[in-house]
Amino acid sequence: MSNWKVSVQSDGREVEVRPGETLFAALRRLDPGLILRGCRNGGCGVCKLRVVSGQYELGLCSASELTPSERAAGWVLSCKATPLSDLVVHVPPRPVKPWARAGEA
Amino acid sequence: MGIMRLGGVRVRCLDLQKSIDYYTKVIGLEVTGQDKDGNVYLKGWDEFDHHSVTLTASDRAGLEHLSLKVESPDDLVFFRDKLEGAGVKVTTLPAGSEMGMGEALWFQDPGGHWVKLYAEMERVGTKVGALNPNPWPPGLQGIGAPRLDHILLAAEDAQKSTDFYMHLLGFWMSERLVKKNGDLIAAWLFRSNTVHDIAIIAGPQGKMHHFSFLLEDWNEIRKAADVLAMHEVKIDIGPTRHGISRGLTIYFFDPSGNRNETFAGGYLPFPDSPVITWTEDEIGRGIFFFQRELNEAFTTVFT
């Protein structure tokens, strides 16, 4: 079976998806800084991104983190998305919590 | 008088059967019943009440509610008056709102979490019994967790939630984490003689950070890590130690992405113990003592 490629829309970087690998796992191999590592079970939503083009299969995702309208617009929880073709993805900026960094008032 | 402990958590599951398998085969709880709505009740081997963890099928992850056990039915009258006196809307639920549970009070905390207070629950006994018992029972599965320990709740206003649990529900504070300007980031609160029964952290309203199962010691934590790895459970961090609470820990995720913890150690706090303060510049050492820095997930991943 062929290995699909995932490319990041903003900078064109590409990674080959290993058989059975999730979109999240492939992108983390490309660049661990690209996407937060959360629950990896479709519950917390920190790995949410938008598939701009291509086919994929999406497992169970928490409806509070991925709404039906987001789904329809191509948003996925990448930990539950398995590529079924080459994909182009849009990775949104990472969330910043106001109190998360030490030393800031 | 008052609240004795965190009695239970009701947890939302994206795939109920997968969660039942996980909480029985990996965590090692036993199923004690299923109600007509399909909710599944479980308990640890050293818990004598009917259940501590309830799994409920849902389209989302997260905490449905937490339950706090009070000493006697008189406490329910006391807390109803006290909460209503402070302007909290309280509903009295008849016996049977959960399997084996007596009458309960139902209200929302300032962090948006639903809370149940109850005094009575059917006693089914521990696995080792109460007469000349062995230290642990044969035939445990997976980690074999003896009991639920504590829960960490997120709240937009951590101070307000902490005040609620301390002033209205009678919790004491063992430790706190504060910003340079003195604002509260997180608080560790207790009613039993463990370092925390409930903790509060500044974060998204109504969300849960994790709930935790008690283990005996570091050996058990190491064994738990083996079990988690064997079952390919998604581990967040650990085994490691918390500076705050001195607890030995592993964070990991259930099949719906709810964070679980196995916790051992800690120390005995008392109502008159001085509150231990951690400052924000030491947050790394406070949360993960060995790594001395937070992982990103600690402050961003909630369900």
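Naming convention: chains lettered A, B, ... in sequence-line order (proteins, then strands); numbering from 1 in each chain.
- At most 12 non-hydrogen atoms from other residues, nucleotides or ligands lie less than 6.0 angstrom from CZ of Phe289(B).
- Residues from residues 50-60 of chain A that place a non-hydrogen atom less than 4.5 Å from a non-hydrogen atom of chain B comprise Leu60(A), given in numerical order.
- Within the model, atoms SG of Cys44(A) and NE2 of His209(B) stand 10.5 Å from one another, a figure rounded to the nearest 0.5 Å.
- Of the listed residues Leu14(B), Thr303(B), Val301(B), the one with more heavy-atom pairs under 4.5 angstrom with chain A than any other is Leu14(B).
- Contact detail for Ala61(B) and Ser62(A): the closest heavy-atom pair is N-OG, 3.1 Å.
- The minimum heavy-atom distance linking Lys234(B) with Arg40(A) is given by the pair NZ-O, 3.6 Å.
- Using a 4.5 Å cut-off on side-chain heavy atoms (C-beta onward), Ser64(A) and Lys207(B) make contact.
- The two residues Asp236(B) and Arg37(A) have their closest heavy-atom pair at O-NH2, 2.7 Å.
- Across all non-hydrogen atoms, the minimal contact from Asp254(B) to Asn41(A) is O-ND2, 2.7 Å.
- For CZ of Arg13(A), the number of neighbouring non-hydrogen atoms (other residues, nucleotides, ligands) closer than 6.0 Å is greater than 12.
- With rounding to the nearest 0.5 angstrom, the CG atom of Asn258(B) is 8.0 Å from the SG atom of Cys39(A).
- For residues 73-91 of chain A, a heavy-atom distance under 4.5 Å to chain B picks out no residue at all.
- The closest donor-acceptor contact from the side chain of Arg60(B) to the backbone of Leu66(A) lies at 3.5 Å or more, if one exists at all.
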